[in-house]
Amino acid sequence: MLKIYNTLTRKKELFQPRVAGKVGLYVCGMTVYDYCHIGHARVMVVFDTVARYFRHQGYELTYVRNITDIDDKIIQRAIENGEDYGTLTERFIDAMHEDERALAVLPPDLEPRATQSIDAIIAMIKTLVAKDLAYVGSNGDVFYAVNQFKGYGQLSGKNLDDLQAGERVGVDMAKRNPMDFVLWKMAKANEPAWESPWGLGRPGWHIECSAMSTCCLGNHFDIHGGGMDLQFPHHENEIAQSEGATGEKFVNVWMHNGFVRVDDEKMSKSLGNFFTVREVLQRYRPEAIRFFILSSHYRSPLNYSDEQLNDAEAALTRLYRALNEVKSVFNETVDESYITRFKQAMDDDFNTRVALSVLFGLAKELNKIKEADPHKACALAATLKYLGGLLGILQNDPESHLKTGIVSQSTSEFTKWLIHDDEQFKKDIEKQIEERRNAKKAKDWARADWIRNSLKDSGVILEDAPDGTTSWRIPTRMEVDPYGK
RNA sequence: GGCUGCGUAGCAAAAUGGUUAUGCAGUGGCCUGCAAAGCCAUCUACGGCGGUUCGAUUCCGCCCGCAGCCUCCA
């Protein structure tokens, strides 16, 4: 029985799809004028995990995540760069898809773009004007008349009197009420513009999502998600627009993920304290980023730091180590109790942290019986990999996970990936292992230890198995550089 | 000022009205030529003050501290 925390009611509720077996999910995506940062990555990973779980539970899911490809910041950035705004957005859409693939985020079913939804947007604004919920301001822009919509503030728990509009930002004299927001914006010279009944212009941000979501999922759908900061005014405005225009209930469940923080402050473009996904990927494997995001509850704040990423990598490596050298065969009988506990965790508002702890329980049992009971080990490994897959992790080859890593040369800033496929590198290590084996045979411990230490200095750790064989691995960052430089 | 939410051991992070979270780090042991990994054991907790209760980290109130929203933001 899946329970989801609904921002609208501020309670965990039993999830009941509108239509049995089907789920419509809409998530506010990126405004594409720059690279995705870790905060964006969190939205992608969180809702990807939600989507994977719905599918796994047998729901027929339609997952929609929009792209805002026209807005003030895009126009401004394009001007700064001296390029066409479309070229700019295409570039960052491609980059976003790249980041997404790196983080094992499966593409949404539909990815509508604002610029391709202009007709639907105009149609909705027309309806709102006809219903007197919108008006043309003195500057020609079309505004939503917030006073005309009864439940305004229901999602954010705000009321119009308390909002004290204009306190922080100069009131636009073209509006009737300071809280009114723009639906259609008149174009200035040389700005991208579309024909409309109100003249050449472009859509406001809020109306895009109302139009795109109802277009893709219908007037009334199951779940709408996005970052916490979109609760107000963005999602509040969406409710006003959609319910105002259609007269129907818009969304049953509102899901909001918490922020990524840096030094206890929200990571954001405006504060400039952001790390882009591609920046972090220079230093950490993508799976560590995904693990890091999943290691806290999606509604909690998540503090970004090297230490946290190091931790995530170490934890992930523990799981891969358990998996290593066990053939996981899927048709083995699996221990249902782990699967049950995993599902209980996920059913409780997608508690990925608890779900992960189930994986560690599995890993521990697996480590214990690896030698003694290979058959059961296979079953446990299969279970571990299967549950990891539901979270979008543990799908790599364990050996290549262990033999790949980032080695920091402490004397300089130099860091590099040591790729397991580097044949010369591998050969060299094997040669030294062979040499050490001979030294061990001759009980020349000094020589054997010297080889092991010298390899360690160059970032390779040797492990002797009980049967006399020696394997090697790249240490995690935690082992090399515990304080994260 | 208004409205949300949070405060758990060295770090991170869950659950829970009475019973082991979990990962990393620490300590002791097993294993090992010695290590590493693994296993076993173990030390560090529930911001403060009251209240409800047989019993509260968990419920309620107040206080303190922190974050977010009230402007664009995932």
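Keep in mind it's a predicted model, so treat the numbers as computed, not measured. Lettering follows sequence order; numbering is per chain, from 1.
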Would you indicate what [X] reaches in the nucleic acid, counting non-hydrogen atoms under 4.0 angstrom: base, sugar-phosphate, or nothing?
| X | result |
| --- | --- |
| A:Pro233 | sugar-phosphate |
| A:Asp464 | base |
| A:Met267 | base |
| A:Ser471 | nothing |
| A:Val260 | base |
| A:Leu462 | base |
| A:Gly361 | nothing |
| A:Gly226 | sugar-phosphate |
| A:His297 | sugar-phosphate |
| A:Ser156 | sugar-phosphate |

Distance criterion of 3.5 Å, no angle test: do you see the side chain of A:Lys158 paired donor-to-acceptor with the base of B:C70? no
Distance alone, cut at 3.5 Å: any donor-acceptor contact between the side chains of [X] and [Y]?
| X | Y | result |
| --- | --- | --- |
| A:His40 | A:Glu100 | no |
| A:Tyr284 | A:Asn310 | yes |
| A:Tyr152 | A:Asn159 | no |

Treating A:Asp141 as the side-chain partner and A:Met186 as the backbone partner, does any N or O pair qualify as donor plus acceptor under 3.5 Å? yes
Begin from the C-alpha positions of A:Tyr144 and A:Asp180 and carry the test side chain to side chain contact (heavy atoms under 4.5 Å, CB included) through to its verdict. CA-CA 5 Å; A:Tyr144 191 97; A:Asp180 290 350; 5.7 Å; no
If the sugar-phosphate is the primed atoms plus P, OP1 and OP2 and the base is the rest, what is the B/S/- string for nucleotides 5-11 of chain B, using protein heavy atoms under 4.0 Å? S-----S
Could you list the residues that satisfy ring-ring contact (aromatic ring centres under 6.0 Å, His included) with A:Phe259, not counting sequence neighbours? none
Output the single nucleotide from [options] whose closest atom is nearest the side chain of [X].
| X | options | answer |
| --- | --- | --- |
| A:Ser270 | B:C69, B:A36, B:C72 | B:C72 |
| A:Thr31 | B:A74, B:C72, B:C24 | B:A74 |
| A:Ser357 | B:C34, B:U22, B:G38 | B:U22 |
| A:Arg321 | B:G38, B:C69, B:A21 | B:G38 |
| A:Phe360 | B:G68, B:A36, B:U22 | B:U22 |

Can you tell me, in whole Å, how much space there is between the P of B:U27 and that of B:C64? 41 Å
Which residues in residues 445-454 of chain A have a heavy atom closer than 4.0 Å to any atom of RNA chain B? A:Trp445, A:Asp449, A:Arg452
Under a 4.0 Å heavy-atom cut-off, which of residues 341-353 of chain A touch RNA chain B? A:Asn351, A:Arg353
Which pairs, protein N/O on one side and nucleotides 40-48 of chain B N/O on the other, fall under 3.5 Å?
unit_1: B:C40; atom_1: OP1; unit_2: A:Lys368; atom_2: NZ; d: 2.8

Could you write out RNA chain B as dot-bracket? Rules: Watson-Crick or G-U wobble, both distances under 3.5 Å, brackets [ ] for crossings, | for pairs with another strand, dot for unpaired. (((((((..(((.....[...))).(((((.......)))))....(((((..]....))))))))))))....
To the nearest 0.5 Å, how far apart are CZ in A:Arg299 and CE in A:Met255? 8.5 Å
Any salt bridge between A:Arg473 and A:Glu479, counting N to O under 4.0 Å? yes
